[in-house]
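In listed order, ligands and their atoms are each counted from 1. If you're wondering where the values come from, they're calculated on a predicted model, not measured in any experiment.
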Amino acid sequence: MGNSCSNHLGIPPAKGPNQVGCTDFMMDHTAQGSFFRLYYPCQETEKAEKPDWVPSMEYFYGLADFMKINRTLSEKIFEYLFGSYKIPAYMDAPFKSNEKCPVVIFSHGLGAFRTLYSAICAELASRGFIVASVEHRDESASATFYFHEKTEPDLTQESLPKTSSAAVQDDLVKDWIYYRTLKHGEREFPLRNKQVKQRADECILALDKLTEINSGVAVQNVLQTQFDWTTLENSMDLCRTAVMGHSFGGATVIEALCKEVKFKCGVALDAWMFPLDDEVFPRVKQPIFFINSEKFQWAGNISRMKKLDSEVVQRKMITIRGTVHQSFPDFTFLTGNWIGKLLKLKGEIDPEIAIDLSNKATLAFLQRHLGLEKDFNQWDPLIDGQDENLIPGTNVIVLQSAI
Ligand SMILES: CCN(CC)CCN(C[C@]12C[C@](c3ccc(C(F)(F)F)cc3)(C1)C2)C(=O)Cn1c(SCc2ccc(F)cc2)nc(=O)c2c1C=CC2
């Protein structure tokens, strides 16, 4: 088309002063354990590889199920469209920071998984944060897995034991958990409310694991990675922790703040408020920042956010002009303009400008409420929506009676 494509396709590199490393952590061989991708400031390094954006085909299968498109067709499309993308971070690069890092726990949206918000998580890590992007096992992810030991005797022909006792295989088997669709006639709220509670518990468990790792306790990681977790001893400032999430992950932010006061503040990206009980709202005491897209929000959803308005604690809201719900996950960077707009993966605004505004406003809010001594306060005006591409509060009309 016309002049050559000006915007290179790919996840934009982080803008902060630190190089970014990433590695994966899985606590044990159960679906109840903690599973997250860690993004962190790392040493300058050439030899480390940038990992594939989607770690294995099962995630694409799950995504196809979630999108209700046929697996084999989608396998080709996803592989062709997204198979070769790399994450803007170095896998298992050695951790490096000359100061204690504040911590963010990140919660993905419905049908997503831990790797899909790398532009946001890598940006925070490049600014000196340690970010754990949780992969939820509540059946809201497109796909996720855990291991279980296959200890039942394996009596298949080729492994007939030489000895009398049955051969016991203790190799690890990956069990996949796929997205749970709503059954016909099933009411959505009970499922989503149960899931948001599990999601909050999984964010709290991830924080607890990071706390153990920070204290130098020897922590087991059942994933065979080349990362040395002992280098993270005494690296985190666990008085400065926040919880952040997109859509269903935004509801998870509210639930997690309510359950765990160690989370000093929350950032909810285009939050989907439906899964939350009304009785949660008065029990949240921490500052919250709602960063909304222009197209996704509606009066009922906004009026639930407004139930969290407070005179005594900071509750802020901005809307980014020209954005859609998918302007926050990485997909928004990975297709050309017209297909992106067709699939509603792109809005009118340049995706990199949108995510840059979201990230800078987030950094300013985190500095303010975690008491950081950085220069993120330069972006304070963004918290009040002072930018040509921002709207203070919301573009959605909410009837006074609905609040
Ligand atoms: C028909 C399916 N139906 C399911 C209930 C609605 C599906 N849907 C709209 C979609 C996700 C969409 C998407 C992805 C990915 C491509 C691709 F082509 F790029 F792969 C295309 C098109 C399909 C836009 C949403 O659920 C929106 N949404 C999301 S989307 C989070 C997500 C999921 C997968 C990703 F790869 C990236 C991000 N997270 C939430 O927490 C909530 C909602 C709605 C309410 C709460």
Check your understanding: With a cut-off of under 6.0 Å to the ring centre and 45° to the axis, is Arg199 in cation-pi contact with Phe248?
Key -> yes
Practice item. Pick, from Gly250, Pro275, Ser247, Gly62, the option with the minimum heavy-atom distance to atom 42 (C) of ligand 1. Key: Ser247
Check your understanding: Who's the nearest protein heavy-atom neighbour of atom 3 (N) of ligand 1, and how far?
Key -> Lys68 NZ, 4.2 Å
Point to revise | Distance from atom 27 (C) of ligand 1 to nearest protein heavy atom, with residue and atom | key: His325 CD2, 3.8 Å
Exercise for review: With heavy atoms only and a cut-off of under 4.0 Å, state how Tyr179 meets ligand 1: side chain, backbone, both or neither.
Suggested key: side chain
Practice item. Using heavy-atom distances, let me know which of Lys344, Gln326, His108 sits nearest atom 24 (C) of ligand 1. Key: Gln326
Review point. What atoms of ligand 1 come closer than 4.0 angstrom to any heavy atom of Phe248?
Key: 40 (C), 41 (O)
Exercise for review: Keeping the roles fixed (side chain from Asn221, backbone from Asp24), state whether a donor-acceptor pair exists under 3.5 Å.
Suggested key: yes
Study note, to complete from the structure: A student comparing Leu110, Leu63, Thr335 should find that the heavy atom closest to atom 33 (C) of ligand 1 comes from Leu110
**Study point:** Per atom 8 (N) of ligand 1, closest listed option by heavy atom (Phe78, Tyr59, Phe66)
**Key:** Phe66
Check your understanding: Between His369 and Phe365, what is the ring plane arrangement, given parallel below 30°, perpendicular above 60°, and tilted in between?
Key -> tilted
Review point. Honestly, is Arg137 close enough over Tyr178, meaning NZ or CZ under 6.0 Å from the six-membered ring centre and within 45° of the axis?
Key: no
Exercise for review: Give the ring-plane orientation class for His246 versus His325, where under 30° counts as parallel, over 60° as perpendicular and anything between as tilted.
Suggested key: tilted
Review point. Does one side chain, of Thr23 or Asp92, offer a donor that lies under 3.5 Å from an acceptor on the other?
Key: yes
Check your understanding: What atoms of ligand 1 come within less than 4.0 Å of a heavy atom belonging to Gly111?
Key -> 33 (C), 34 (C)
Review point. Counting only heavy atoms, which portion of Leu116 has something under 4.0 Å from ligand 1: side chain, backbone, both, or neither?
Key: side chain
Check your understanding: Has Lys174 got its NZ or CZ under 6.0 Å from the middle of the six-membered ring of Phe145, at an angle within 45 degrees of the ring axis?
Key -> yes
Review point. Backbone or side chain, does any N or O of Phe331 fall under 3.5 Å from an N or O of ligand 1?
Key: no
Revision key, fill the gap. Closest to atom 21 (C) of ligand 1 among protein heavy atoms sits Met67 CE, 3.3 Å
Practice item. Just say parallel, tilted or perpendicular for the rings of Phe189 and Phe274, cut-offs at 30° and 60°. Key: perpendicular
